[in-house]
Amino acid sequence: MKIKVVSPSAERAEQVAQILRLSDPDLEIHTATSPVSSLPTAINGTRPSLLVLDGVDGLGLEALGRYTHANPDVEAIIISSEQSPAFLLRAMQTGVREVLPTQLNPHALGAAVRRITRKRKPTAAPAELGVVMAFIACKGGSGASFVAANVAHTLSLRDGRTVALIDLDLQFGDSLLMLSDQKAASDVAEVARNINRLDAELLRSAMVQVSGTLSVLAAPDELTQALEVLPEHVEAIIKQAQQMFDFVVVDIGRSINAVSLRALDMAAHIFPVLQLTVPNVRDARRLRNLFSTLDYAQQKLHWLVNRYQKNAELTLESLAQTLVTEDIATVPNHFSAVTASVNQGVPIGKLARSNPVTRALLDLCNTVAPMQKGKPSWLTTMFRNTTMFGNA
């Protein structure tokens with residue numbers, strides 16, 4: 001791999017280059033003495049695969065941003081005395097892979113370069129891509145985000161398989177709050193801004209790891225950032241997640257637009273979530289008509305009635321007639337347990353393992369993603385993991 005080291009100091013540039021040569025003799029190292037703000041002149045047509053830039057300040061980041069925008073295949077590591085969170089965020093937005101302190105640590109610098117080298121080596125395609133499951137609300141307040149988050153948690157307890165939860169309710173998403181009180185360091189919009197740099201390492205670093213098998217990519221905090229996310233961004237993020245996880249659960253929210261339609265197109269299973277009320281059923285019928293227009297196969301759709309009560313005025317039979325389907329699952333009404341789960345940010349499977357809602361979610365997951373033979377049962381796994389955390 002060809003590397004260009006740029007520093008305002010010739011001595012410093014050579015020092016960095018020597019560290020890199022010692023870390024990997026196969027690297028092709030070139031140096032240039034120049035401020036980073038004059039980056040195009042320093043590179044002078046050499047077209048490196050990796051830039052290692054020393055003495056980077058705000059102006060240097062701007063110059064780097066212009067260069068990487070024009071040359072998205074070039075990676076960058078910067079060395080800077082500026083280590084503030086604001087600077088690090090700007091660096092990430094510029095596409096920088098690593099920000100190292102001015103006091104050189106040969107081990108840290110060599111490791112950073114090796115990570116990029118490994119990423120650029122061609123890898124074999126995975127034997128099987130992760131299964132995409134999309135949850136969409138037929139009506140606001142139907143509980144689709146709760147169901148999506150807790151299905152993701154339930155799937156993550158089985159077989160040691162891994163799950164990504166992607167919150168595409170871009171304006172009002174709160175899937176992470178259903179599972180954890182951790183704060184997201186990044187989100188869907190931030191990944192979209194760095195889409196040319198998207199790889200497994202970037203996506204994993206942007207996600208909140210709720211457990212060893214469950215990671216969440218949060219929706220943006222700022223409403224205006226939702227406008228920055230485009231359909232092609234969503235497609236790239238989901239495809240990358242499919243290469244990393246066994247299941248990719250997507251919380252669509254309620255919006256029907258180009259972004260949500262791209263995710264729905266990619267889903268192997270779509271779960272429209274509704275309650276048995278006239279407005280919900282009316283909007284469910286509208287969704288069914290849309291899905292028919294989009295030529296979605298019937299086996300792709302799994303209608304889900306949340307907060308189901310057997311004595312409801314509307315019946316499952318009448319809903320089945322309206323939607324022209326027999327594929328309707330239910331999650332029973334248990335307001336107190338669900339409210340406690342949401343307010344505490346704890347999956348209902350950990351908070352109330354024997355609750356009817358927990359069991360309904362287990363049944364739902366087992367229907368669309370059966371257990372592998374010879375693996376522990378769902379209930380065994382659920383009970384073992386919840387016992388580890390103590391009973392609520």
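All figures in this text were calculated on a predicted structure; none of them were measured in a lab. Atom set for the values below is all heavy atoms of this structure, side chains included, hydrogens, waters and symmetry mates excluded.
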For the pair Leu179 and Leu165, evaluate side chain to side chain contact (heavy atoms under 4.5 Å, CB included) and give the outcome as yes or no after the intermediate values. CA-CA 10 Å; Leu179 301 173; Leu165 173 59; 3.7 Å; yes
After noting the C-alpha distance and the side-chain angles of Thr162 and Phe247, does the key distance pass the side chain to side chain contact (heavy atoms under 4.5 Å, CB included) rule? CA-CA 6 Å; Thr162 55; Phe247 298 102; over 6 Å; no
Going through the checks in order, is the side chain to side chain contact (heavy atoms under 4.5 Å, CB included) test met by Gln242 and Val132? CA-CA 8 Å; Gln242 284 185 279; Val132 180; 3.6 Å; yes
Can Ile348 and Leu361 be said to form a side chain to side chain contact (heavy atoms under 4.5 Å, CB included), step by step? CA-CA 10 Å; Ile348 195 167; Leu361 294 174; 4.1 Å; yes
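Considering only heavy atoms from C-beta on, Ile77 comes within 4.5 Å of Leu100 through its side chain. Here the side chains of Asn280 and Ser142 are in contact, with some heavy-atom distance below 4.5 Å. Looking only at side-chain heavy atoms (C-beta outward), Ser7 and Gln15 stay at 4.5 Å or farther from each other. Side chains of Val273 and Phe146 form no contact here, defined as non-hydrogen atoms less than 4.5 Å apart. Using a 4.5 Å cut-off on side-chain heavy atoms (C-beta onward), His302 and Val368 make contact. In this structure, Leu109 and Glu98 have side chains that are not in contact, with every pair of non-hydrogen atoms separated by 4.5 Å or more. Taking the side chain as every heavy atom from C-beta outward, Arg307 and Phe335 approach each other to under 4.5 Å. Put simply, the side chain of Leu39 reaches to within 4.5 Å of the side chain of Ile43, judged on heavy atoms.
From Asn150, atom CG reaches atom NZ of Lys350 across 11.0 Å, with rounding to the nearest 0.5 Å. Separating the CZ atom in Arg282 from the SG atom in Cys138 is a distance of 12.0 Å, to the nearest 0.5 Å. Put simply, CG on Leu50 and CG on Leu20 are 8.0 Å apart, with the number rounded to the nearest 0.5 Å. The line from CG of Leu304 to CD1 of Ile328 is 10.0 Å long, rounded to the nearest 0.5 Å. Once rounded to the nearest 0.5 Å, the distance linking CD of Glu62 with CZ of Arg66 reads 6.5 Å. Between the CE atom of Met207 and the OG atom of Ser186 there is a distance of 10.5 Å, given to the nearest 0.5 Å.
The cationic group of Arg161 does not satisfy the cation-pi geometry with Phe245, failing either the under 6.0 Å distance to the six-membered ring centre or the 45° limit from the ring axis.
For the residue pair Ser292 and Asn289, no side-chain donor N or O sits within less than 3.5 Å of a side-chain acceptor on the partner. For the residue pair Thr41/Ser38, the side-chain donor-acceptor check at 3.5 Å is not satisfied. Checked by atom type, the side-chain pair Gln209/Ser211 shows no donor-acceptor distance below 3.5 Å. Looking at Thr358 and Asn355, their side chains never bring a donor and an acceptor atom within 3.5 Å of each other. Side-chain polar atoms of Asp251 and Ser175 form a donor-acceptor pair below 3.5 angstrom. With hydrogens and angles left out, the side-chain atoms of Gln182 and Ser180 include a donor and acceptor closer than 3.5 Å.
Judged purely by atom type and a 3.5 angstrom limit, Lys300 uses its side chain to pair as donor or acceptor with the backbone of Ala267. Remark: the backbone N or O of Phe87 is paired with a side-chain donor or acceptor of Ser84 at under 3.5 angstrom. No donor-acceptor pair under 3.5 Å is formed between the side chain of Thr68 and the backbone N or O of Val74. A donor-acceptor pair is defined here as one N or O able to donate and one able to accept, closer than 3.5 Å; no such pair exists between the side chain of Asp181 and the backbone of Leu177. Using modelled atom types, one side-chain atom of Asp24 and one backbone atom of Asp26 make a donor-acceptor pair closer than 3.5 Å. In this structure, the side chain of Ser80 engages the main chain of Glu82 through a donor-acceptor pair within 3.5 Å. Under a 3.5 Å cut-off, the side chain of Ser205 and the backbone N or O of Leu202 do form a donor-acceptor pair. Not one N or O on the side chain of Gln309 forms a donor-acceptor pair closer than 3.5 Å with the backbone of Leu276. Distance alone, capped at 3.5 Å, is enough to place a donor-acceptor pair between the Asn71 side chain and the Tyr67 backbone.
Scanning all heavy atoms of the two residues, the minimum distance from Pro347 to Ser341 falls at C-OG, 3.8 Å. The shortest non-hydrogen separation linking Lys4 to Ala32 is CE-CB, 3.7 Å. Between Ala42 and Val6 the shortest heavy-atom distance is CB-CG1, 3.9 Å. Shown here for Ala206 and Leu217, the closest heavy-atom pair between the two residues is O-CD1, 3.8 Å. Of all non-hydrogen atoms in Gln240 and Leu203, the two that sit nearest each other are CG-CD2, 3.8 Å. Residue Ile166 comes nearest to Val248 through the heavy atom pair CD1-CG1, 3.8 Å, listed as atom of the first residue, atom of the second, then distance.
If you chain together hydrophobic residues whose side chains sit under 4.5 Å apart, Ile195 and Val250 fall into the same group. Clustering ILVMFWY residues whenever any of their side-chain heavy atoms sit less than 4.5 angstrom apart, transitively, puts Val131 in the very cluster that holds Val147. By the rule that hydrophobic residues join a cluster once side-chain heavy atoms approach within less than 4.5 Å of another member, Leu223 and Val229 end up as members of separate clusters.
Under a cut-off of 6.0 angstrom, the local environment of CG in Asp221 is sparse, with at most 12 non-hydrogen atoms contributed by other residues, nucleotides or ligands. Atom NZ of Lys139 sits in a crowded spot, with more than 12 heavy atoms from other residues, nucleotides or ligands closer than 6.0 Å.
Between Arg21 and Glu28 there is no salt bridge, since no side-chain N of the basic residue sits under 4.0 Å from a carboxylate O of the acidic one. A salt bridge between Arg286 and Asp283 is present, with a side-chain N of the basic residue lying under 4.0 Å from a carboxylate O of the acidic one.
For the pairing with Glu228, the side-chain contact (heavy atoms from CB on, under 4.5 Å) check across Arg193, Glu222, His233 returns one residue only, Arg193.
The aromatic rings of Phe271 and Phe135 sit parallel, their planes meeting at an angle under 30°, below the 60° perpendicular limit.
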